[in-house]
Each structure stands twice: as structure tokens, then as C-alpha cells.
Amino acid sequence: MTNAPEPQPRASLPSQYAPAEVESARYERWVADGRFRAETDSDKPAYCIVIPPPNVTGNLHVGHAFEHTLIDTVIRRKRMQGFEALWQPGMDHAGIATQNVVERKLASEGVSRHDLGREAFVEKVWQWKEESGGQILDQMKRLGDSVDWDRERFTMDEGLSRAVRTIFKRLYDDELIYRAERIINWCPRCQTAISDIEVDHSDDDGELVSIRYGDGENAIVVATTRAETMLGDTAVAVHPGDERYRHLVGTEIELPLTGRRIPIVADEHVDPEFGTGAVKVTPAHDPNDFEIGRRHGLPSITVMDERAVITAHGPFLGLDRFEARPAIVAALREQGRIVAEKRPYVHAVGHCSRCKTTIEPRLSKQWFVKVAPLAKEAGDAVRDGRVKVSPPEMEKRYFAWVDNLHDWCISRQLWWGHRIPIWHGPNGEQVCLAEGEEPPAGYVQDPDVLDTWFSSALWPFSTMGWPDETPDLAKFYPNAILLTGYDILFFWVARMMMFGLYAFKDAEPAKAIPFGEIVLHGMVRDQFGKKMSKSFGNTIDPIEWMDRYGADSLRFTLALGANPGVDVPIGEDWVQASRNFCNKLWNATRFALISGATTEGELPAAEGLSTPDRWILSRLNHTIAAVDEFYADYEFAKLSDTLRHFAWDDVCDWYLELIKPVLAEGGVAAERTRRVLGEVLETLLRLLHPLIPFVTEELWLALTRGDQLGESVMTAPWPAPREAYLDDVAEARVTAIQRVVGEIRRFRSDQGVKPSQRVSTRLTGLDSAGIGGDEALIRALARLGEPGDDFAETASLAIDGDVTVAFDTRGTIDVAAERARLAKDRTAAEKELEQCRRKLGNEGFLGKAPENVVAGIREREAAAAAAIERITAALAALPEG
RNA sequence: GCGCGCGUAGCUCAGUGGGAGAGCAUCCGCCUUACAAGCGGAGGGUCGCAGGUUCGAAACCUGCCGCGCGCACCA
């Protein structure tokens, strides 16, 4: 296939896991073996997720790492479950960002894009993309993303571009795309229009200046934060019900500095409570003013160019908007027209989300999508359950957006992107051409390109060959889920919904949605729950952490924090803990291998197995069932924690310790246990594989000898719970053993007995506690010695009324420590008793609480009373001082 | 301004009507031959505040305080 290096099979494992030694070779092997490939003609049911396309200029940040971990986990499990699982990779062309990158590069060579011309510039961008773009793709490999690389797509590919042109034409013909002169968000630095959601608002320090317009009785005072726009004022507006100004409505006043005369109009939009209740109206530079202007037939006077430099004739001509502002205020002050000034005046200011430049509302001719009918469909698809939102609380946000959409400005004054398929005729005609059609002579194509999200919105099906009816679409569409951040809900999820529903509106219902479920995750935050930001200096580099701790550690940490729809904090301590967990697994497997664990042959029936074997198999099967349930709700944190708990606490801390004596004993019992041990570990590795693919593959191959057979845990079946191995009796028994061992360990620790010291003891009452046959196990785990002929009891420990442990501590009993321990236990028991008695003395409780609850409290009361009696006796039996 | 969410151990978070939990951090003791990236043990919380519903509230309701987020407006 390829010449990917062959990872070396391991005869034995070193005592520490070294991720760096296995990860990259393992990934290349997976790719070489075609493990990630999805076959269109497969008989298996399809399960497809398209990658939320990353930006071609981007690098893998921890947010990607988080999202990809979750998607990869889902995809790997589905693959193991027997689905033809496709994770579709690719990138979007990021119009503004990419053009910026290439323009900056050119600028450093002293060249502008205009020097090159459109065609040559676009050629340069493609060249840049080939040489430097898409670094994120290699970084995804570090993470272990099991995407089908043979299907990589880019929004500017010919096929995807055809999808863009096709849907544009359809929308245009359906009159859902139109061109209009409107106030749009203009970035004077990027020199393009941007959509509402590409504007970030922040509360900034500004100024509020009150200016007197007109003179004498007709004077009226307006307040503004943008004095420079007054050059373009074409009216002053007041509220129609405002008595103060009623007599002025319909009159004209002189606009200072310009000599122009402007009318005073009455408009409902004006808030009479704010400021003086009078507003200057600049229709060409403010969206609200534009609306007022429309209602009153006012002219729009543009006073700035596309770089936000003043174009109005006069002394301010050529000044930047921020230079013009103080200059104009100064000029007005000179005329005595400034009646009040407030600085700083904090108000919301929009910034370009790409370059942070202050947005300039600008009157210009742009292309828009008429979203109302599309958004209605997008809302309805969720409302009527065709598309599910997970977690469901997020629906509200979705509806709030989709039900209140403004039309979407889709034209961008850029060169990099999909050029709008409209040709303009010499007399203002416009025609939208279908594929293969030639424009009439003399027509020129619209110079603008489309918003990048216009093409991203098609991603769920353009990647599969739409508008052709391809086998891929037949097999994999609609996508099973779209998994992405809640912050992206509006950026492309809603748009994918709108376009997906529109493009497939005539398809059969099962095909008419882009995905069955929208799964939303939170944002990655730092270890204190703070938002990560470069200025705050709390960002982390996922690559660096993978270098240090391995990809699995990063993945597991992120998965452990992934509560649905909730932000996930991450810190280095936690990645370290995950690294430790991987190492724990490593060593558990190492122990298994040393102990001769096997995965070959039938698993013995439960009846023939020891208590620990039956217990761990029961726990394993409960764990499988729990994990499956958590997956159904995308509860990654809970399923990860469940698996960690099972692996570390049940398997490593208890099971392995419980079977050591059995293995040492040898014989048939040991043989059965070796088989169970192999089964438990092998299943655990399969369960963990979607979360931590690298270490599990390494260990699974070592454990199953699968490396010699060309196998992979990736294609091993996902575990199914086996009810025959659920065993309440064994679980109760081990719980009792754990209780006894725990109490003995506490006694030892309180007494300062060294872990290495075998304390001579005599155990009684194990039979009545139901663990009569388990004395040897208890002795091993609690490190107890057999009582000799000279056994002399120096201390006694009563556990839960049944079991008594008599210790011969050879006179070294620490009476004070023991008294303190017993006193503490008695206090706890007394508190418990008091609580129980209070409830049982309450007639309301006895009368209304369910029987089983009352019975439970009675049991607890009895247990507490017995404990107090026992402890009191033990205290009395202690020697003095 | 409208809406949503959150407030539980030092930190980060689970826990949605019946004995306050986890991981990390802290303290004590251990190299007990899978693992010191480990093992055993321990300490630590009036569950934001105040009312209410209930036999019973961390959980349900109301109000308040604090924090975060989204949307709109901000002349």
C-alpha cells in the first residue's frame, strides 16, 4: 500500500507509556491500511459527519482539538458498531482572512493586489494555499482524527463552486436573492461589506456631544457620538407626540458648517426621554437614520469614502473619520454651538471580527438573501422534530435567531471567493447565468464575490457531489449529526439548515434535511473557567501539550470536561492526570501480559468463576450499558468518568489485587482467571478506544496478539452488555469485602502500622457477613498475618455488627489514636441515630413517605444504635491513657 | 432593556424530592516485585441569601444578591 513504517510488535512492555514513540507511526499505519476510508458501495448502514470546515489559514487551536475529539469519538464508536462511518474532512476558503494573509505577504514585497490585477492575484492565493495553507490538516493527524483523507474537499474546488453557482441561480430565480442599496456593515480596512454576525460589539469609551442646530427661537439641540457625520445630516427628527417641538415640525433650520437647510420631521423612532429628544438624521451613515430617511423621503448624503475619509467639500475634506470628529467639534465650539460634552461616554461600537477595525455603516449596493421564507423552514424543521437539537436547552437560542433574521448581505468586495454569477448589461440589465450559459455580448460579470459562509452552508451536501445525484449522496446523505460549538450556531448551522432544506425541498422527507441532529458543545476555557484570549495570555497550544503528554491525554481531558452544551475548563494539571490514567492502563495491561492473561477461547460461564471474576464481569457489563446510555445523549464527561472509574478503581485497585493470590496459586482457578482478566481488559480497551485511540490500539494489539494478524481495535466490534454476567450476589459480596478491608486499613493507618508489616489477626463473623470463603482475600488485601500460637489480642475492631477483627499489635497499640478514632465514629453514629429518630418521630413522615423509605430509615436507625453500643464497649475496653 | 444559563469542598465540576460526591490540590504513612505518572489513609462544604411548597429541599416556586452569555437599543 504505502511505505508507512511498521509499528513494532511488543514482546513485553516498558514500565512507562511513551506516547511520542507510538502515535505518529500508528496514525500512518491506520491511514495506510485504509482504516478511515468509507466505502460508498458498502452494505453497512451509513453514518456520516461532515467536519465543520476549518479555515484554510488556521492552525489547530484547543477549540478544534475539543470538537475533533468529540466527533472522532462518535465516529470511531459508530465504526466499531458496524456502520459505514464517514468523517468528511476539508476546509473553507475564508475569503477575508485568506485575502488578508496574501495581501500582507505581497505588501512586504511592496506589491498591492491592484498592481497584480484580479486574475494574477487569485493565482497567488491559490499558490499560497498550496504552499502554506491547511496546516491544520497535519495537526489533525496528531490528534488522531479518523477522517477519510481520500475525500478531502475545499470550498473553492470546482465541484463545490458549481454547487455555489447552482444554488445561487435557483435562489435568484425564486427571487430569494436580490440586489439593493442599503446601509451595510463596512470594514474600511478590509474594504468590504460584512454581514451582521461578522460584527463584534463592545462597550467602548466615546463622547457624547450636544450641538445646537439653528438659531434663536427655532434652535434645536441634538446629541451625537459621531459628530463627523453631521456633514451628511439631512434632517432633525423629534417624536410626533413631543409638545416641546411640535411647533417646529415641518420647519427648516440651517445645518451648521454647511449652510444647508434641513427639515425637522416627526418620527416614532425617536425616544423623547433620551437627551433632548431631538435626533440628527444622517441617512447615509446610520441604519436607523436610513430608515427614518426612507419614511420621510429624505436625501442620503454620503460624506466618506470606502476608507472612511471625509469626502464632503470644505475644510474637513481628506480627513480620516477619527481626525474629522475633533476637528468638527472644535469648529462647532468656535461658533458657540457645543452646549454639552460628555467624555468618556461608554457606548456599543461595532468592530470587524476579522481585523477589529471600527465598522462604518455605509450606504451601498449589495446582494442579499431574502431569509424570511428560508428561516421559517429552518425553524419549522426543528419545531416539528425533523431535526433535533442537543442539548435541548439550546433550541431557544436557535429559535431566537432563526425567527428574527434580517436579510443576509452576501456580497463581498474581495477577489478571493466565488464570484457572483450575475452579468450586468450596458443599460443596467442583469442576468444570472446557469451552468454553461454564455453572457450576452457587452455584459460584464459582477465584480463581487460571495460570503464564505454562502459556500460553507452547502458543505453538508456539496462535499458529496451535489447538485449531481451521486452515489455518495444516496449513501451518506443526510448527515447523522452536525457537532459544533454553540457559538457557531448562527454562523453556519442555521445557514446549513436554510440551504439544506431549500436544496432538497423536493426530495423525499428522509433526504430533505442536512443532518438529523445538531449537537452543540461549549467553549474551552482555562483552568479557572476564564475565557481564553491572547491579550489575557491564558491560551494554550494543543500541539505543545500533545508533545508533552500525548494526544490521548489531551483528548481524554477534553472528553472528561465535556458536559453537554457547557464550557469546558482545561488546565495542565488535568492533562497530566489523564497522562497518568493512560499510564495506568498501560501498566494494567503490562501486568496482564506478565500474568499470562489471554483473550483466546470461550469465556467460562459465570457459575464456574470465583467471586472476584464474577464481580468484575458484572461490573464490566453494567459499565458497558451505562456508557451506551451516555453516548445516546452525548454525555462525554459522564461516559469518560464511568470508564475511568471502572478502569482505575474496579479493575486496577480491586480486581487486580483480588486475583493476585489466585494467580500465584496456579491451577485451574488461575487459568480461568487469566481468561477473565484477558476478557475484561480487552473489552475495556475497546470501550476506551474511541476516546483514547493510540494507547488502546497499542495495548489491544499486545494483548490480543492482533498485530500479527493485521487486526486493529478500530475494527473490533463495540462491546455489547451480556446479561448472563450481571451478578448482584457477587457485587454484594465484593462490596462487603471492600468494607472490611477498608476498615482494617483505616485502623492500621490510624495506628501507624507500616504497610509492610503483617499484623497478626483473628477474624470472626465473616460467615454471617456472607463472605465466609473470602478470608484469604481479605488477609491479602489488608496485609494481615495468621495468628500464631502466642496470639495475644491487643485491639479489636468491630465492623457493621457481624465481623470482628482481633489484632495482636505486640503491645504497640496507640491508645490515644484508637480512642480518637472510636470517638469520631461514635459521634458520626450518634448524629445518624438522631437524624433517623427525628424522622421516625414525625407522624407526617410515617404517614406520607413511601414504605421502602421508612423501612430504610428504620434499618439505618438500628445500624446506628448497634454501632454506638459496639463502639462504647470498645472504648470501655481500651486500657487507660 | 429583553432573554438564557450559572452560583455545591481550596480549584474545576457532577448531583433535580428521601443517607452531601468526583478529579485535581492539601495533610499523614509507604519504593507492599504492573504502575512513585504509583499504593494506603485522612482532613475539608450553614449546597449564594431570604421566604415559600412538602412528612422531607442542594434539587421545586418567588424575590434578592453576584457572575457569565446571547439579542436588541444606545442620537
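Residue numbering restarts at 1 for every chain, and letters A, B, ... go by the order of the sequence lines. Just so you know, these numbers use all the heavy atoms, side chains as well, and skip hydrogens, waters and symmetry mates.
- Nearest to the side chain of A:P755, among B:rC55, B:rU32, B:rG40, sits B:rU32.
- As the counterpart of B:rU53, no nucleotide is assigned, since no Watson-Crick or G-U wobble pattern has both distances under 3.5 Å.
- Across all strands, A:D289 comes closer than 4.0 Å to no nucleic acid atom at all (heavy-atom distances).
- Using N1 to N3 plus N6-O4 or O6-N4 for Watson-Crick, or N1-O2 and O6-N3 for G-U wobble, each under 3.5 Å, B:rG23 pairs with B:rC11.
- Here A:R860 reaches the OP1 or OP2 of B:rG19: one of its side-chain N or O atoms lies under 4.0 Å away.
- Taking a pair to require two hydrogen-bonding distances under 3.5 Å in either a Watson-Crick or a G-U wobble arrangement, B:rC47 remains unpaired.
- A:N583 comes within 4.0 angstrom of a base, heavy atoms only.
- A donor-acceptor contact under 3.5 Å links the side chain of A:E832 to the base of B:rG19.
- Residue A:K280 forms a salt bridge (charged side-chain N to carboxylate O under 4.0 Å, His left out) with just one option from A:D286, A:D289, A:D233, and that option is A:D233.
- Counting heavy-atom neighbours within 6.0 Å of A:E629 CD, excluding the residue itself, gives a total of 12 or less.
- Among B:rU12, B:rA14, B:rC55, the nucleotide with an atom closest to any side-chain atom of A:N563 is B:rA14.
- Checked by distance alone, A:Q576 brings no side-chain donor or acceptor within 3.5 Å of a matching partner on the base of B:rA37.
- Contact annotation: A:K584 reaches the phosphate of B:rC39 (side-chain N/O to OP1 or OP2, under 4.0 Å).
- Ring-plane geometry between A:H521 and A:F66 is classed as perpendicular, the angle between the planes exceeding 60 degrees on a 0 to 90 degree scale with a lower cut at 30.
- To the nearest angstrom, P of B:rA14 lies 10 Å from CD of A:E635.
- Across A:V740, A:I659, A:L658, A:V741, a single residue satisfies side chain to side chain contact (heavy atoms under 4.5 Å, CB included) together with A:L777, and that is A:L658.
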